[in-house]
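Take a look at the structure below.
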Amino acid sequence: MNTINSRMNTSPSIAVKQISIILITSLFFTCMVLVPAGTAHATGNAVKWHPGHYYAIMEWGKNDPAHLAQVYSEILTTPALRGIQIRYTWAELEPNWGVYDFTSIDQRLAELAALGKRLIILLDTKTYNTDTFPVPDYVRKERFEWGSFAFSGHNKTVAKGYSTKLWNPHVHDRLVELISKLGEHYNAHPYFEGIGLSETSMGHPINALSNIKVDDYYNNLLSLNQHMRRHFPNTMTYQNTNHPRWILEKFASELKNMGTALGGPDTYIEDPSLNLKDQPYTPDGVYSYYAKLSGIVPLTPSVMHKNYTNTRHDDRGYNPTVPELLSFARNTLKANYIFWTRAPKHYEEVLQVLNWRAQTKDPAGGLDSACPAAYSSCVD
């Protein structure tokens, strides 16, 4: 498993919660017994349904007991937070062929269940630095085309990360096997709320890709979502979707047909490409699809680090407030779930806003809680 750097926020507002932190930390030693993985509540075609606000915690802190104790203290004092979202890469979950390590998920799930909170995971198919790969070492072989490709930002030539070569059939099949193992382990667990895949955008490949590879990439991504629905029939599944715009009409239609949630990797209030609508000779942006799919499939936008500091991806907007981000996600994107990144400079404002009456008056925190039409039934 990757080494995680330990970091602890020591602001005065957190210090007053030290008694709660100590009590929560003590749960770490008992919660695995209290709520074992695989405890089944959802049966038949009913889908576990607990919409609302979720904390997206920093990746470096997901296995750090001190950091987690602080996070758990915050969600216990913020009733509108129904649980947390955590990112995992394929490389973390299957370090060797057929050898699966779900230890971190098991521990977080048991800890959250003991607190009456829920877990949503994001299976990340990209890394955003050049020090790590999203695929296991065994995939970095010729038959898998070395597993991943380097990508850059817009109009950049220097690699900023790696994305998985989803067009390769062997890569696709191994990911299907991982999804099936995860489904076998967690679908029936009452506190395992959801699982999703990272953004549709490839970034800008350093080496140009053929049209065939691009088409196969997106066809296989849809296939992975279909397998998630098959292996998680009682669990909300989602696909973070943003670019390219030319795939969105087909993508949204397929997600609707299979009952997969439309997820957003970002909430940019003014971004021209994401908000583009009804312009001649150019496809609509992804935000135009939220209203169309509202009430049909779940809608799960995320508020990421940059969303707290600018309303546009190109930084030409303004610095929005948390209430503005909430209003946009709730009213324009019709969110059922919002994943709030616990960004160090912004999480205290998020907690403050989520403790307002408008977010505490119902379990869904003021978000749309109606069971989507794509589900035969929902279970609380």
Side-chain angles (χ1 to χ4, degrees), residues 2 56 58-60 85 87-91 122-135 140 145-168 171 196-211 213-218 220-221 239-248 251 262-276 279 282-288 301-320 325 328 333 339-346:
N2 292 341
M58 308 293 285
E59 187 172 0
W60 56 259
Q85 181 202 55
R87 292 173 177 260
Y88 290 95
T89 64
W90 178 8
L122 177 65
L123 183 56
D124 223 338
T125 57
K126 297 174 72 173
T127 60
Y128 297 89
N129 62 72
T130 55
D131 297 326
T132 57
F133 294 93
V135 300
R140 297 173 61 195
E145 299 177 64
W146 315 109
S148 60
F149 62 92
F151 66 90
S152 66
H154 183 59
N155 291 329
K156 304 292 184 180
T157 58
V158 177
K160 74 172 190 176
Y162 295 97
S163 188
T164 304
K165 291 184 175 179
L166 297 181
W167 63 77
N168 181 284
V171 169
L197 296 171
S198 53
E199 65 182 8
T200 53
S201 174
M202 291 184 184
H204 297 269
I206 296 296
N207 298 313
L209 302 178
S210 69
N211 290 338
K213 285 186 175 180
V214 173
D215 288 343
D216 287 346
Y217 181 98
Y218 289 111
N220 280 353
L221 185 55
Q239 171 62 59
N240 278 350
T241 307
N242 49 0
H243 294 107
R245 290 201 311 270
W246 61 266
I247 72 164
L248 295 179
F251 229 81
L262 176 64
D266 289 289
T267 299
Y268 281 116
I269 296 173
E270 296 184 311
D271 192 83
S273 180
L274 297 174
N275 283 284
L276 189 66
Q279 296 297 312
T282 186
D284 289 348
V286 70
Y287 287 168
S288 70
S302 304
V303 179
M304 298 293 287
H305 297 77
K306 280 194 66 177
N307 305 148
Y308 293 115
T309 60
N310 209 284
T311 55
R312 291 172 53 138
H313 184 266
D314 60 10
D315 294 328
R316 296 181 181 179
Y318 66 90
N319 189 346
L325 290 165
F328 184 80
L333 301 184
F339 305 136
W340 295 94
T341 298
R342 190 186 179 278
K345 295 181 180 179
H346 305 281

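Bear in mind the structure is a predicted one, so any value in this text is a computation, not a measurement.
Judged as a side-chain hydrogen bond (donor to acceptor under 3.5 Å, both in side chains), and not counting sequence neighbours, the contacts of Asn168 are Glu145. Thr241 pairs by the side-chain hydrogen bond (donor to acceptor under 3.5 Å, both in side chains) definition with nothing, not counting sequence neighbours. A search for side-chain hydrogen bond (donor to acceptor under 3.5 Å, both in side chains) contacts involving Asp271 returns nothing, not counting sequence neighbours. With sequence neighbours left out, the salt bridge (Lys or Arg N to Asp or Glu O under 4.0 Å) criterion links Asp315 to Lys306. Annotation: side-chain hydrogen bond (donor to acceptor under 3.5 Å, both in side chains) contacts of Lys160 (sequence neighbours excluded): none. In terms of the salt bridge (Lys or Arg N to Asp or Glu O under 4.0 Å) criterion, Arg245 has no residue partners (sequence neighbours excluded).
Between the side chains of Ser273 and His243, at least one donor N or O sits under 3.5 Å from an acceptor N or O. Between the side chains of Thr200 and Asn240, no donor-acceptor pair of N or O atoms lies under 3.5 Å. Counted by atom type alone, Ser201 and Asn242 present zero donor-acceptor pairs between their side chains at under 3.5 Å. Defined by atom type and a distance below 3.5 Å, a donor-acceptor pair is present between the side-chain atoms of Thr132 and Asn129.
When all heavy atoms of Thr309 and Pro320 are compared, the pair lying nearest together is C-CD, 3.9 Å. The shortest non-hydrogen separation linking Trp246 to Val214 is CZ2-CG1, 3.8 Å. Minimum heavy-atom separation, Met58 to Pro344: CE-CD, 4.2 Å. The shortest heavy-atom contact between Thr267 and Ser302 is OG1-O, 2.7 Å. Counting all heavy atoms, side chain and backbone alike, Arg87 lies closest to Tyr128 at NH1-CE1, 4.4 Å. Considering all non-hydrogen atoms of both residues, Leu123 and Trp90 come closest at CD1-N, 4.0 Å.
Note: Thr341 OG1 to Asn307 CG = 7.5 Å, rounded to the nearest 0.5 Å. Atom CH2 of Trp146 is separated from atom CZ of Arg140 by 9.5 Å, given to the nearest 0.5 angstrom. In this structure, CG on Asn310 lies 15.5 Å from NE2 on His305, to the nearest 0.5 angstrom. Considering OH of Tyr287 and CG of Asp266, their distance stands at 6.5 Å, rounded to 0.5 Å. Atom CD of residue Glu199 and atom CG of residue Leu221 lie 11.0 Å apart, to the nearest 0.5 angstrom. Atom CG of residue Leu209 and atom CG of residue Asp216 lie 11.0 Å apart, to the nearest 0.5 angstrom.
Residues Leu325 and Val303 are in side-chain contact: their nearest non-hydrogen atoms beyond the backbone lie under 4.5 Å apart. Between Pro134 and Thr125, every side-chain heavy-atom pair lies at or beyond the 4.5 Å cut-off. Side-chain atoms of Tyr318 and Arg312, non-hydrogen and from C-beta on, never get closer than 4.5 Å to each other. Counting heavy atoms from C-beta outward, Met202 and Tyr218 have side chains that approach closer than 4.5 Å. Taking 4.5 Å as the limit, every side-chain heavy atom of Tyr88 sits out of range of all side-chain heavy atoms of Leu122. Ser163 has its side chain within reach of Tyr217: a pair of non-hydrogen atoms, C-beta onward, lies under 4.5 Å apart. Between Val135 and Val171 the shortest side-chain heavy-atom distance does not fall below 4.5 Å. Residues Phe151 and His204 fail the side-chain proximity criterion, which asks for heavy atoms closer than 4.5 Å.
Aromatic ring orientation, Trp340 versus Tyr308: parallel (interplanar angle below 30°, classes split at 30° and 60°).
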- [ ] Start with the C-alpha gap between Asp124 and Ser198, add the side-chain angles, then the distance that decides, and say whether side chain to side chain donor-acceptor pair (under 3.5 Å) holds.
- [x] CA-CA 5 Å; Asp124 223 338; Ser198 53; 3.1 Å; yes
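Aromatic pair Phe149/Phe133: centroids not less than 6.0 angstrom apart.
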